[in-house]
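No experiment lies behind these values; they were computed from the predicted model shown. Sequence lines set the chain letters: A, B, ... in the order given, protein chains first and strands last, and positions in each chain run from 1.
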Number of protein chains: 2
Amino acid sequence: MQNRQDNAGDKTHRQVVIVGAGFGGLQTAKTLANTEVDVTLIDRHNYHLFQPLLYQVATAALTPAEIASPIRHVVRDAKNVTVFMDTVENVDTKTRTIGTKGARRLSYDYLILATGARHSYFGKNEWASDAPGLKTIDDAFELRRRILTAFEKAEMENDPEKRKAWLTFIIVGAGPTGAELAGAIAELARRSLVFDFRHIKPDSARIILADAGSRVLSRFNGKLSTRAHKHLEDLGVEIALNARVDHVDAGGVDIGGRNIAARTVIWAAGVEASPAGKWLAADTDKTGRIIVKDDLSVPGHPHIFAIGDTASFTAKSETQPLPGVAPVAKQMGKHVAQSILADRNGEKRRAFRYHDHGSMATIGRDKAIADINGFRFSGFPGWLLWSFAHIYFLVGFRNRITIGLSWLWSYLTWQRGVRLITGVNEPVQTAQQKSKTSRAA
Amino acid sequence: MQNRQDNAGDKTHRQVVIVGAGFGGLQTAKTLANTEVDVTLIDRHNYHLFQPLLYQVATAALTPAEIASPIRHVVRDAKNVTVFMDTVENVDTKTRTIGTKGARRLSYDYLILATGARHSYFGKNEWASDAPGLKTIDDAFELRRRILTAFEKAEMENDPEKRKAWLTFIIVGAGPTGAELAGAIAELARRSLVFDFRHIKPDSARIILADAGSRVLSRFNGKLSTRAHKHLEDLGVEIALNARVDHVDAGGVDIGGRNIAARTVIWAAGVEASPAGKWLAADTDKTGRIIVKDDLSVPGHPHIFAIGDTASFTAKSETQPLPGVAPVAKQMGKHVAQSILADRNGEKRRAFRYHDHGSMATIGRDKAIADINGFRFSGFPGWLLWSFAHIYFLVGFRNRITIGLSWLWSYLTWQRGVRLITGVNEPVQTAQQKSKTSRAA
């Protein structure tokens, strides 16, 4: 690296540093693969994570390896791309360098901030340890450990009230993650585990999906949202709408005015951007996303771009900024790569335009809703569409095969292949707390 | 449970409690499945682990789910078997009860101690954090994290000496686990990772297999041991024999009189039995195994049996006690189940006799040594034998399929599917330290 810094000067704006190897950052690196620029891709993890399926790891259906690929393997054939596993902590726009936890400074000519988002407790961070969220593989291990352990504790519990609390699962937030988690936990309890216990009836578990809003999956249109609502109820999920969470502790939740005793609470209610905005003291929206210009550059910093969950971009025709979903991040990632190449060719940068090909969410083993350019699907057809789309977009041929087989297996047998409780047996520190101390690269 | 205890009296010696769901304990439970006794199977984990393949999880070839099955799922059809995930802490032979970490007491009429072994540092427990061992899935995660992180750190390191230390791996102990780990790490460095780095040459990594004895895999006969030695050297493993470890710290190892700088040291040198012997104040051998009678019962306790790594059993014709391997544990597990049923039928217990069908060890992707009733195999034939045997003995049809596919995939592509660094990014507490605080159930 030392050398790379010293020479940086003679390389006439060739040093492109990408922070974060999520959907956005990885796409930028892929688009710049084997071009004349030098790319350094930095992430605090050594893997790219296919986050839309993370809930299946948390509910013991998939193993992490099936939805994560080593970053340096994904770009192994891009000889101009160097990958570092490190955590970025600051940016110095004067010297055009970034500082990392590894105590190194890297020079950049172009900087892409693709540092993603973390879950947000709306200022109630003390809830984190009792209501962990789901963003990283370690989060998924923690949720899986809590969900499976709850049934084990219930099996050993003689007090009916305490047993009931172990068998009550509350998911806060009825967006895609919350709805998918609720459906998966319901199936785990009602199908996968149903014959495996002697003292409890796993199918007596209560799964409560709570949201402060008036409907589930509110990003979808009313009709699909209603379908999803019914799918969830068919699976035995209790849905509590217009139910704001007032308090969370180890014993349960105060929600919509009443207290519910529950030993497992999962937070899927909100996200906030990583601190990239603070590094630049840039203008951010209320969730901390950097308000970017129409070429996705940060105002005042034409060589710094923010993309994906780090960027707040509102199209001219729209009132709302684009949502923090994979397709947006990927298209942004490609766009900034093209802008960098345009600069070098003396061409004009184009303004970013998002091509919305629709969105989908799945509920349980064989139902999903999808809205593809106005064509709406639900139930089994929606699920087929969802399955093929997700397998198609997975990184890595091997992962496509193994996930296909895992799903086929679960579909035919109702079984889940990954019912392992690993990690600490007592919750000492939650993944959420960890993620605060070692924040997104 | 309360009820079960109270009624225990009227059940005329029907309460069988098995502590530990390894090869031995699980076999006892399976043999007693759907008989007239009530079986309680207790383990601190919720899964049965196929330990012989654990080194492949530590070296990123397999996922834990492929070598572990939920205990309660394995025995789901045995309605007389209850599974508890709990940690046993003491035995009261007067009241015939055991005490668990879950602060419950369970009554037993028959008690089977199948609590396994932990790695032993020969009194140098301070080495544990710098030279972790491999016994549990959490150990495997820790080793995988350290091995993969070492290459990441080396890629970012400019100092040649420090980089060299990151690329030096020392495995202490050349038994099956040590030899298999060394071969797997060598292949990881020389094959799987070789094209994925820009600043380092992963194939320049040094993998040193050290042992205080005079040959590798000394449990095998001289000829096979020599073959294994050659296989390992062909993979680029340096073998240091008659090399005793005098000191271990974060910087490296003092071994055979010289200091070797290494940031990754793995302990495969010795094991000690779990504390079951202490619970009973029973006579134990020097590794803490309970010296059992010829029916595997604990002297003075005809209703308490010790099996597997917890038992020290020396056949009349032999001078050495049986080794701590899966076939011994399984045969012992079956034998004690038969003894219990014999008691109830008023029949005489038989003395235990071990039927040795041979042993095998693998080195790398396509070489192994096997000694099957005097028929000796090595190289590729040995490996084929090893592969089929291990797939055959795996618990669970699904695992057999997925492992078969994973191996086929790695065999064809040299790739490893599970190159994920998870868990803490700085070694705060090693799996070994954890396993001390929550010791074998």
Taking atom [atom1] of [X] and atom [atom2] of [Y], what is their separation to the nearest 0.5 Å?
X: B:K79; Y: A:R198; atom1: NZ; atom2: CZ; value: 5.0 Å
X: A:I67; Y: B:L420; atom1: CD1; atom2: CG; value: 9.5 Å
X: A:E152; Y: B:N46; atom1: CD; atom2: CG; value: 5.5 Å
X: B:R76; Y: A:D196; atom1: CZ; atom2: CG; value: 4.5 Å

Practice task
State, yes or no, whether a side-chain contact exists between A:T63 and B:E66 at a heavy-atom distance under 4.5 Å.
Solution key: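 No; the side chains remain at least 4.5 Å from each other.
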Problem - Contact check, side chains of A:F84 and B:E155, non-hydrogen atoms, under 4.5 Å - result: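 Side-chain contact under 4.5 Å: yes.
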Handout entry: NZ or CZ of A:R72 within 45° of B:F197 ring axis and under 6.0 Å
Key =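 Checked: cation-pi criterion met.
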Problem - Heavy-atom pair of closest approach, residues B:M156 and A:M85 - result: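 What the structure gives for the nearest pair is CE-O, 3.1 Å.
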Problem - Atom group of B:F141 that falls short of 4.5 Å from chain A, counting heavy atoms - result: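 For B:F141, side-chain heavy atoms alone lie under 4.5 Å from chain A.
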